[in-house]
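These notes are about the structure you will find just below.
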Number of protein chains: 2
Amino acid sequence: MDRRTSAPSTGEALLFLTDEQLRQGIEAMFFAYRGFTADPDRILADMAYGRAHHRAIHFIGRAPSTTVNNLLNILGVTKQSLNRVLRTLITDGLVESRVGRMDKRERHLTLTQAGRTLEQTLSDAQRARMRAAYREAGPEAVAGFRTVLEAMMDTEMRNSYTRLKDTAS
Amino acid sequence: MDRRTSAPSTGEALLFLTDEQLRQGIEAMFFAYRGFTADPDRILADMAYGRAHHRAIHFIGRAPSTTVNNLLNILGVTKQSLNRVLRTLITDGLVESRVGRMDKRERHLTLTQAGRTLEQTLSDAQRARMRAAYREAGPEAVAGFRTVLEAMMDTEMRNSYTRLKDTAS
DNA sequence: TTGGAGTGTCAACAACACTGACATAAACTG
DNA sequence: CAGTTTATGTCAGTGTTGTTGACACTCCAA
């Protein structure tokens with residue numbers, strides 16, 4: 001292997017990473033993400049929905065009764081962009097929007113039964129691919145996979161990610 | 001909510017993967033990919049270019065003298081979509097298009113000096129993040145990361161990926 | 001009461017993907 | 001050579017998803 005170590009200033013091992021190694025990682029992310037989204041995209045193509053709808057449905061299903069603002073932070077888009085998506089989902093009866101009890105400005109978003117059904121269909125497809133990849137790679141690889149991905153996130157995204165992970169029970 | 005998935009029927013290692021574990025992997029991909037593209041996106045936002053230009057520049061720089069058709073296969077977009085991007089890059093003097101010697105129907109694409117400069121700027125930013133993530137995660141995690149990503153790709157993409165990896169030397 | 005936060009909406013626009021149709025030149029094939 | 005296929009370019013139209021900017025409304029808190 002072309003990995004060399006030298007006297008580290010801290011306690012950590014000092015990793016020398018060639019541009020070539022990094023570029024392979026970059027390309028791996030590019031090609032893998034295409035596969036990652038391919039299955040839900042195929043399903044959504046037949047409906048009037050796209051990837052943005054999938055994301056909204058996923059995170060509403062994940063954290064029911066979440067507010068619009070919370071969803072905005074997770075998705076990292078403008079409220080105008082999210083609103084367009086939410087409006088279609090609400091009028092199509094996939095998402096329910098309830099005025100908050102405490103703070104009546106807030107809207108709490110929950111999947112309807114139809115929304116849960118679609119969410120299930122989409123995530124079944126995505127999980128199937130993820131499961132196959134995990135099985136093929138093995139548990140140690142999966143742990144490494146998760147570790148690198150977490151290190152690659154921006155701080156705020158890592159916070160969102162961790163918060164979701166911890167509220168999972 | 002600790003539903004177990006079915007076990008593999010063959011003699012492979014028996015991995016029990018809960019829906020929750022898989023969902024965390026899905027969300028990790030989502031958040032990490034945002035970070036992955038954030039730095040080049042920021043740079044490109046100031047110019048008249050977007051992510052599509054970055055991808056074209058990356059793969060032309062990676063495989064100089066590649067043909068349009070080859071690039072189409074790698075990027076997985078329509079020729080109309082790619083052509084729009086290539087046209088701007090060529091007229092802006094970042095990419096050179098030469099008629100093939102053997103087959104004069106083909107156009108061979110190469111980065112100009114200006115193109116290489118931009119490519120360097122963009123990939124420096126992306127590599128910096130990748131390097132930081134790799135260092136933080138450690139070599140075993142990196143190996144696992146790559147293994148899982150490869151397993152997640154569609155077959156054709158994995159072929160493209162491997163071909164690029166092997167021609168790197 | 002005033003200021004600000006949370007939300008919804010309108011309009012305009014840009015990036016990037018798609019389909020469909022057509023044109024051109026070169027290469028291949030019978 | 002004639003006909004077909006391949007590689008590429010281009011035009012026109014459309015859809016999804018993102019952006020700004022502006023404005024209105026409700027409600028909370030100082």
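The figures here come from the full heavy-atom set of this structure, side chains too, leaving out hydrogens, waters and symmetry mates.
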Using a cut-off of less than 4.0 Å, is there contact between a side-chain N or O of [X] and OP1 or OP2 of [N]?
| X | N | value |
| --- | --- | --- |
| B/Arg107 | C/dA25 | no |
| B/Arg87 | D/dT10 | yes |
| A/Asn69 | C/dA5 | no |

Contact class for [X] (heavy atom, under 4.0 Å): base, sugar-phosphate, or nothing?
| X | result |
| --- | --- |
| B/Arg84 | base |
| B/Lys79 | base |
| B/His53 | sugar-phosphate |

Among [options], which nucleotide sits nearest the side chain of [X]?
| X | options | answer |
| --- | --- | --- |
| B/Thr78 | D/dT19, C/dC18, C/dT7 | C/dC18 |
| A/Ala52 | C/dA26, C/dG8, D/dT17 | D/dT17 |
| B/Arg105 | D/dT6, C/dT9, C/dT7 | D/dT6 |
| B/Ser81 | C/dA17, D/dA7, D/dT17 | C/dA17 |

Item to check | B/Thr88-B/Asp92 side chain donor-acceptor pair, cut-off 3.5 Å | outcome: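 Not at all, the side chains of B/Thr88 and B/Asp92 share no donor-acceptor pair under 3.5 Å.
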
Item to check | Distance-only polar pair, side chains of A/Thr18 and A/Gln21, donor-acceptor under 3.5 Å | outcome: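 Yes, side-chain donor-acceptor contact under 3.5 Å.
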
Item to check | Toward the 5' end of DNA chain D, by each residue's nearest nucleotide, A/Gln80 or A/Ala48 | outcome: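 With A/Ala48 and A/Gln80 compared, the 5'-side residue is A/Ala48.
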
Item to check | 5′-ward residue of the pair B/Thr67/A/Val77 relative to DNA chain D | outcome: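 Mapping each residue to its closest nucleotide by heavy atoms, the 5'-most match is B/Thr67.
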
Next on the checklist: Does the plane of the ring in B/His54 sit parallel, tilted or perpendicular to the ring in B/His58? Use 30° and 60° as the thresholds.
Outcome noted: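 Judged by the thresholds at 30° and 60°, the geometry between B/His54 and B/His58 is perpendicular.
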
Next on the checklist: In terms of relative ring orientation, are A/Phe59 and B/Phe30 parallel, tilted or perpendicular, with 30° and 60° separating the classes?
Outcome noted: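 Taking B/Phe30 first and then A/Phe59, their aromatic rings sit tilted (interplane angle of 30° to 60°).
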
Whole angstrom value for the distance that separates [atom2] of [N] from [atom1] of [X]:
| X | N | atom1 | atom2 | value |
| --- | --- | --- | --- | --- |
| B/Leu44 | D/dT19 | CG | P | 16 Å |
| A/Asn83 | C/dG6 | CG | P | 16 Å |
| A/Asp103 | D/dT26 | CG | P | 14 Å |
| B/His54 | C/dC16 | NE2 | P | 12 Å |
| B/Met102 | D/dT8 | CE | P | 16 Å |
| B/Arg51 | C/dA14 | CZ | P | 19 Å |
| B/Leu75 | C/dA15 | CG | C1' | 16 Å |
| A/His108 | C/dG8 | NE2 | P | 11 Å |

Checklist entry - Are A/Glu20 and A/Gln24 close enough that some pair of their side-chain heavy atoms sits under 4.5 Å apart? => result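 Yes. Closest side-chain heavy atoms under 4.5 Å.
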
